Amino acid sequence: MEKEKILSIRDLSISFKTSSGRVNAIRGVDLDLYRGETLAIVGESGSGKSVTMKAAMGILSNNGEVNSGSINFTYYRDGEKVEVDILKLTKKEMRKRINGKRIAMIFQDPMTSLNPTMTIGAQIVEGMIWHYKTPKKEAYKRAIELLELVGINDAEKRIKNYPHQLSGGMRQRVVIAIALACNPDLLICDEPTTALDVTIQAKILELIKDIQKKMNISVIYITHDLGVVAKVADYVSVMYAGKIVEKGTVDEVFYDPRHPYTWGLLSAMPDLETKDDKLYTIPGTPPNLASEVKGDPFAPRNIYALNIDNRLEPPMFKITDTHYAATWLLHEKAPKVEMPVELRNRIDRMLKEAHQDAK
Ligand code: ADP
Ligand code: MG
């Protein structure tokens, strides 16, 4: 069966007006997602992950400006295929047609997405009533089902609770129930488990994966935790300084990463085998995007940098039909450089473990 593209971002550039000038936060991002599949977007803090997804939700902050690009989203209305460029819709149209209904988003901190003055039941039914005019009684019945689906016991009682009466893990489950209430086609999870402790993190990820299968929704995970990516994603895009610098299937990016930045991110993953808790961090810091980018912005942090890196920003080099990386090291005339042996071993251990978990 032909895969159906649900989200297609092309050449997206976004800048912010700030007191210290214009920050070019997103610099030509391309991204595709197919129905039912999972994409992970990884990268250090500030690389542009959240801003890209906020643009897809039409919720950029007021000082943000889209300088180029398109965000095409495909959905069905009464069985008929509809394709829209999200960037061409007004905020009002987004609220009416897309947000919460077709695309739902889960943020890192459940407290910021829940209303402390409303019961969780009222918050779950809100979208159903607003988007579909579902009768109140029916909506509450569905809300109870949703709470059960996300693994909350005593749903009938819980529905009358306020957010502060729930634990952090339960709150995030409620946020997921709210996100699912209108049967979205796309669920965007922005660091959905970072605020939770490790065992609850794993449970929430498992839950999202389960529900995704049941409802055939597409999921985008924003995370800096590559361990998570190996467990849940089909595809990975690695962001650095407002650009995607490597993308591919999970296997391609994990078994055969090509960008030294990706090597760095992978090296920074905790190694459960050796219980080595002295985590590697990539030396240096990301560039200041308020000034003009000259050459490869990763070059100052890259021990394999070439002369050309100081002059020209590398294009995306093709490795396979699905695997691309933006580093001059992939140029045919570049010296052959392999990832560090220690990293190779580490990755192999991690993959072995992820595959065991999946069984
Ligand atoms: P992350 O990858 O951590 O999610 P973001 O997408 O949040 O990163 O941010 C990308 C860049 O855009 C950062 O440099 C950040 O400082 C900048 N940025 C995000 N939102 C704003 C804003 N409202 N005003 C100014 N700069 C912003
Ligand atoms: Mg973010």
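Hydrogens, waters and symmetry mates play no part in the numbers below; they use all other heavy atoms, side chains included. For ligands, and for the atoms within them, numbers begin at 1 and follow the listed sequence. Not measured: the values here are computed from a predicted model.
- For G64, the closest heavy-atom approach to ligand 1 does not fall below 4.0 Å.
- The residue from G242, G46, P287 that puts a heavy atom closest to atom 3 (O) of ligand 1 is G46.
- From C182, atom SG reaches atom CD1 of I103 across 13.0 Å, with rounding to the nearest 0.5 Å.
- At the shortest separation from atom 5 (P) of ligand 1 among protein heavy atoms lies V51 CG2, 3.8 Å.
- Looking at S47 next to ligand 1, an N or O pair under 3.5 Å apart turns up.
- Of the N and O atoms on the side chains of Y240 and R301, at least one donor lies less than 3.5 Å from an acceptor on the other residue.
- Contact analysis leaves G43 out of contact with ligand 1, as no non-hydrogen atom separation drops below 4.0 angstrom.
- With ligand atoms numbered from 1 in the order given, ligand 1 contributes 22 (C), 23 (N), 24 (N), 25 (C) to contacts under 4.0 Å with heavy atoms of N63.
- For atom 20 (N) of ligand 1, the closest non-hydrogen atom on the protein side is F16 CZ, 3.5 Å.
- With a cut-off of 2.8 Å, the Mg ion (ligand 2) has an N, O or S atom of S50 in range.
- Put simply, the side chain of R173 never gets that close to the backbone of I152: no donor and acceptor are under 3.5 Å apart.
- Side-chain polar atoms of T74 and E4 form no donor-acceptor pair below 3.5 angstrom.
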